[in-house]
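Residue numbering restarts at 1 for every chain, and letters A, B, ... go by the order of the sequence lines. Hydrogens, waters and symmetry mates are skipped; everything else that's a heavy atom, side chains included, is used.
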2 protein chains.
Amino acid sequence: MATKTKITIQDIAEKLNITASTVSRALNNNPRISEETRKAVLKAAKQLNYQPNNIAAALRNGKSHIIGVIVPTADRTFFASVVRGIEEIANKLNYKVIICQTYDSYEKEVQTIDALLSARVDGIIASIGKNTENFSHYKKVLASGLPLVLFDRTTDQLDVSQVGINDYLASYKIVEHLIKEGCTRIAHFTSPKKISIFRERLRGYTDALQDNGIPFDENLVISSNLQLEGGRQSMEKLFEAGELPDAIFSASDYGAMGAMQVLKERGVAIPDRVALAGFSNEPFTSFTDPPLTTVDQLSLTMGNITAELFFEQFKLKDKKFVPQRTVLMPEIIIRKSSLKKG
Amino acid sequence: MATKTKITIQDIAEKLNITASTVSRALNNNPRISEETRKAVLKAAKQLNYQPNNIAAALRNGKSHIIGVIVPTADRTFFASVVRGIEEIANKLNYKVIICQTYDSYEKEVQTIDALLSARVDGIIASIGKNTENFSHYKKVLASGLPLVLFDRTTDQLDVSQVGINDYLASYKIVEHLIKEGCTRIAHFTSPKKISIFRERLRGYTDALQDNGIPFDENLVISSNLQLEGGRQSMEKLFEAGELPDAIFSASDYGAMGAMQVLKERGVAIPDRVALAGFSNEPFTSFTDPPLTTVDQLSLTMGNITAELFFEQFKLKDKKFVPQRTVLMPEIIIRKSSLKKG
DNA sequence: TTTCTTTGTGCAAACGTTTGCATAAAAAAT
DNA sequence: ATTTTTTATGCAAACGTTTGCACAAAGAAA
C-alpha cells in the first residue's frame with residue numbers, strides 16, 4: 001500500500017512497454033494518442049498511485065501555475081476577502097495561489113517579491129504596503145516580464161493594471177450624507193501615509209465640504225495609524241482641542257470604533273451629539289451599538305475583478321497590453337451611527 | 001536594463017570562465033569554494049541580475065521549500081490569525097506557505113490535497129473541513145511520507161500530530177461561570193457536524209451542568225450551522241419552544257451574535273433576562289452591545305505552535321517520530337453579556 | 001626529493017517532465 | 001500495386017540546478 005518509491009511516468013511507461021513520451025501525452029490529453037493507450041495509461045497511473053510532479057513540469061514548461069499574492073496582512077477581513085475573490089477565479093483556471101504578508105514592512109515587501117520571483121510564480125497580484133514609497137522592486141517584476149496587477153493600495157508611479165474603488169466618491173457621499181443629517185463641523189481621521197486611498201478620501205471630504213459651503217478647518221483633520229488605538233488617540237485630541245465636532249468621518253472602521261469607544265466612555269451620545277462614520281464595512285460594524293455607517297469596498301468583487309484582469313493580461317503574454325485601471329463604485333452603508341434625524 | 005533572457009548560473013560561469021558547479025557552490029556558501037571566487041560570483045550575479053530558479057533546485061533536491069496550509073476559509077479571523085502564526089515561523093525558516101481554502105467542501109479538500117501533492121509541497125498543515133468524515137486523502141499524505149500536522153479541527157481517526165485547544169475545559173468554565181451568575185436553565189447552540197471541537201464543547205457543557213446539580217434538558221441543545229443565521233434560527237426555536245432559558249452558550253460567536261440580534265429585536269434584556277456567551281473571541285465580540293463573553297482560542301499561538309511542531313517533525317525526516325498532541329488552555333473572556341450580578 | 005594532505009575546481013549525471021522531429025504501420029488515394 | 005496521407009509512437013534534448021567523484025595544484029610532512 002505504502003508508496004515504495006516515487007512513481008514517475010517512466011514507471012508507467014515500463015509497465016505498459018511504451019515510452020515516457022507517450023505516457024506524458026496520454027496524461028495531457030494529446031490528440032495524437034490512441035484512445036486505447038490513453039485508457040491503459042490512465043488505468044496504470046491509478047494502479048501505481050501515480051502523483052504528477054508539477055515541479056518537473058514547471059521546469060520544463062517555464063510555467064509554475066502558481067501566482068503570488070502580496071497583501072499587507074491576511075488577517076484583516078478586507079484583504080482576506082479579496083484574496084478569496086482572487087482564489088475563486090484562479091482555482092477555476094487551475095492556478096494555485098501563494099499568499100504573502102508584508103505586515104506593511106517595506107523590507108519584507110522587497111524580500112517577498114524576490115522570493116516569489118525565485119519561486120518562479122507566473123505573475124503577481126499585490127496591494128502595496130503603507131510604508132512603501134520606492135517601487136523599484138515592483139519594476140523588477142515588470143522587467144522580468146511577469147504580469148503584475150495591483151489592487152486597493154495602488155500607485156501612479158507604476159504603469160500597471162490596477163483595481164481600486166472610487167475612494168473619492170465614496171468619501172464625498174459619506175460627507176454629503178453627514179451634511180444632510182445636519183452636521184456642519186465634521187472631523188476627518190486620516191493617515192499620514194502616502195497611499196492614494198487616504199489622499200483620495202481626504203479629497204472627497206474637502207470637496208464635499210466646499211461644495212456645500214462649509215469652510216475647511218485643518219484642525220478637524222487628524223492623522224493617525226487609523227487602528228483602534230489611533231482612533232482613540234485622535235478622539236482624545238479632539239476632546240483636548242475644545243469644542244467637539246458634530247460628526248466624525250474616519251477613513252477606517254477601526255479608527256471610527258476607537259472614537260466610538262472614547263465617546264461612549266465620556267458619555268457623549270452617538271449620533272445625537274456626534275455622528276460617526278467609518279470606511280471598509282468590517283464585519284464588526286454591523287454589530288456595534290449603534291451600528292456604524294460605513295463604506296462597503298466590494299472586497300470579494302474586487303478580488304474577482306483583479307484576478308480576471310490578471311489572467312486577461314496573462315493570456316496576452318507579451319507587451320501588447322495596455323495597463324487598465326478599473327474603479328469600482330463602493331456602496332455607502334448608512335446605519336444608526338450617523339442618523340441624527342431618526 | 002531589461003533582462004534580455006533569463007540569466008542562469010551557466011551565464012555567470014561563462015562570464016567568469018569557471019563552471020556552473022562552482023557557481024552553484026559559491027552561491028550556496030559551500031566551504032570548498034575560495035573566498036575570492038565566491039566574491040567574484042556574487043558580484044557577477046548581481047551585475048547580471050541573476051534570479052535563482054527555485055523550481056530547478058526543487059526538482060534536483062526533491063524539496064520545494066513550500067508547505068501547504070489547508071483551512072476551511074481564510075477570511076475568518078481565527079483561521080487568518082492561525083495562518084499568520086504559521087507563516088511567522090515558516091518564513092523564519094525560509095519556507096513559503098501556500099494557503100488553500102476548502103470552503104468546508106469535502107470534494108474541494110480532496111482536490112486540494114491532490115494539488116498540493118502534485119505541487120510537491122514539503123508538508124501539509126491542515127484544519128479539517130466540517131463535512132469531512134472520510135480521511136483517506138489525509139492518509140494518502142501520510143503514505144507519501146510527508147509531514148502532516150492538524151490544528152483546531154482535528155480527529156482521532158488519524159495518527160498525526162495535532163494542536164488544539166481544550167474545548168472541553170473552556171466550555172466547562174464558561175458554563176460554570178454562567179451558573180455562578182445564577183443561571184439554571186442554560187441553552188447550548190451546537191453543530192450537527194462530527195468535528196471533535198463541537199462534541200467537546202457539548203461535553204464540557206453537560207459535565208458542568210451535572211457537576212453543579214443542574215438537570216440536562218435536551219430541548220435546550222440546539223443544532224445549526226452556527227453562523228449568524230443559524231444563531232438567529234436557533235434563538236427563534238427557543239422562543240417557539242415556550243419559556244426562555246436564562247442563559248445561552250453558543251459554540252460560536254456568530255451563533256451568539258445571531259441570538260443577541262433576535263433577543264434585542266424582541267426586547268429581551270441581555271444579560272438581565274438572558275445571559276449570553278460565545279466561543280472564539282472574534283474581533284467583533286468586544287464591540288457588541290453588550291460586549292460578548294467568549295473564549296479566546298489563542299489563534300496566533302496556535303499557529304506558532306503548529307508550525308513549530310511541523311518543523312520539528314520535519315527535521316526528523318523518517319518515521320522515527322511519535323505523533324504529538326498539544327492542547328492549549330484557552331482563556332475565558334468575561335464581558336458584560338454574561339454578568340447578571342453587575 | 002618524494003609522498004601525503006589539503007584546497008579548489010571541473011565533469012557529468014540526475015531530478016521528472018515535455019515536445020520537435022523522425023518514423024513505422026495503417027489507411028486512403030491513385 | 002504504388003504513392004500519399006494519416007495515425008500513433010519513439011528518440012533525444014532541454015528546462016536549471018546540485019552533487020559525488022575525480023583530479024590538478026599547492027602545501028605539508030617525510
S.K.: Could you pull out all residues at least two apart from E35(A) that satisfy salt bridge (Lys or Arg N to Asp or Glu O under 4.0 Å)?
M.R.: R38(A)
S.K.: Check whether T112(B) reaches the backbone of K108(B) with its side chain - one donor and one acceptor, N or O, closer than 3.5 Å.
M.R.: yes
S.K.: For I18(B), which contact category applies under a 4.0 Å heavy-atom criterion: base, sugar-phosphate, or nothing?
M.R.: sugar-phosphate
S.K.: Donor-acceptor pair, distance only, cut-off 3.5 Å: does the side chain of N53(A) make one with the backbone of I55(A)?
M.R.: yes
S.K.: Apply ring pair (Phe, Tyr, Trp, His ring centres under 6.0 Å) to Y95(B) and list each qualifying residue two or more places apart in sequence or on a separate chain.
M.R.: H65(B), F311(B), F314(B)
S.K.: What is the nucleic acid contact for S21(B), judged by heavy atoms within less than 4.0 Å: base, sugar-phosphate only, or nothing?
M.R.: base
S.K.: Is there a side-chain contact between L27(B) and L42(B), using heavy atoms and a 4.5 Å cut-off?
M.R.: yes
S.K.: Quick one: do K139(A) and D159(A) satisfy salt bridge (charged side-chain N to carboxylate O under 4.0 Å, His left out)? Show the steps, please.
M.R.: CA-CA 9 Å; K139(A) 287 182 181 146; D159(A) 189 31; over 6 Å; no
S.K.: Looking at side-chain heavy atoms only, is the closest gap between T22(B) and T19(B) below 4.5 Å?
M.R.: yes
S.K.: Expressed in angstrom and rounded to an integer, what is the separation of L16(B) atom CG from dG10(C) atom P?
M.R.: 10 Å
S.K.: Would you classify S24(A) as touching base, sugar-phosphate or nothing, given that sugar-phosphate means primed atoms plus P, OP1 and OP2, and contacts are heavy atoms under 4.0 Å?
M.R.: base
S.K.: Which part of the nucleic acid, if any, lies within contact of N54(B), taking any heavy atom under 4.0 Å across all strands shown: a base, the sugar-phosphate backbone alone, or nothing?
M.R.: nothing
S.K.: Under the ring-ring contact (aromatic ring centres under 6.0 Å, His included) definition, can you give me all pairs with a residue in residues 114-164 of chain B, not counting sequence neighbours?
M.R.: Y106(B)-H137(B)
S.K.: Looking only at side-chain N and O atoms, does T22(B) come under 4.0 Å of OP1 or OP2 in dG10(C)?
M.R.: yes
S.K.: Does anything in residues 114-129 of chain A form a salt bridge (Lys or Arg N to Asp or Glu O under 4.0 Å)? List the pairs, not counting sequence neighbours.
M.R.: D114(A)-K140(A)
S.K.: Report the end-to-end axis angle of the helix from dT1(C)-dA30(D) to dT30(C)-dA1(D); each axis comes from five terminal pairs, and the value is rounded to 10°.
M.R.: 50°
S.K.: For residues 9-40 of chain B, pull every pair meeting ring-ring contact (aromatic ring centres under 6.0 Å, His included), keeping only residues two or more places apart or in separate chains.
M.R.: none
S.K.: What range of DNA chain D does chain A touch, first nucleotide to last, counting atoms under 4.0 Å from its heavy atoms?
M.R.: dT7(D) to dG16(D)
S.K.: With sequence neighbours excluded, what pairs up with Y103(A) under the ring pair (Phe, Tyr, Trp, His ring centres under 6.0 Å) test?
M.R.: none
S.K.: Which residues, if any, of residues 32-44 of chain B bring a heavy atom under 4.0 Å of DNA chain C?
M.R.: R32(B), I33(B), S34(B), T37(B)
S.K.: Which residues within residues 114-124 of chain B lie with some heavy atom under 4.0 Å of an atom in DNA chain D?
M.R.: none
S.K.: Kindly list each side-chain donor-acceptor pair under 3.5 angstrom involving residues 70-81 of chain A, sequence neighbours excluded, with atom names and distances?
M.R.:
unit_1: T73(A); atom_1: OG1; unit_2: D75(A); atom_2: N; d: 3.1
unit_1: T73(A); atom_1: OG1; unit_2: D75(A); atom_2: OD1; d: 2.3
unit_1: R76(A); atom_1: NE; unit_2: E282(A); atom_2: OE2; d: 3.3
unit_1: T77(A); atom_1: OG1; unit_2: E282(A); atom_2: OE1; d: 3.2
unit_1: S81(A); atom_1: OG; unit_2: S299(A); atom_2: OG; d: 3.0

S.K.: For A56(B) and for N30(B), find the nucleotide of DNA chain C with the closest heavy atom, then tell me which residue's nucleotide is more 5'.
M.R.: N30(B)
S.K.: Who passes side chain to side chain donor-acceptor pair (under 3.5 Å) against K130(B), sequence neighbours left out?
M.R.: none
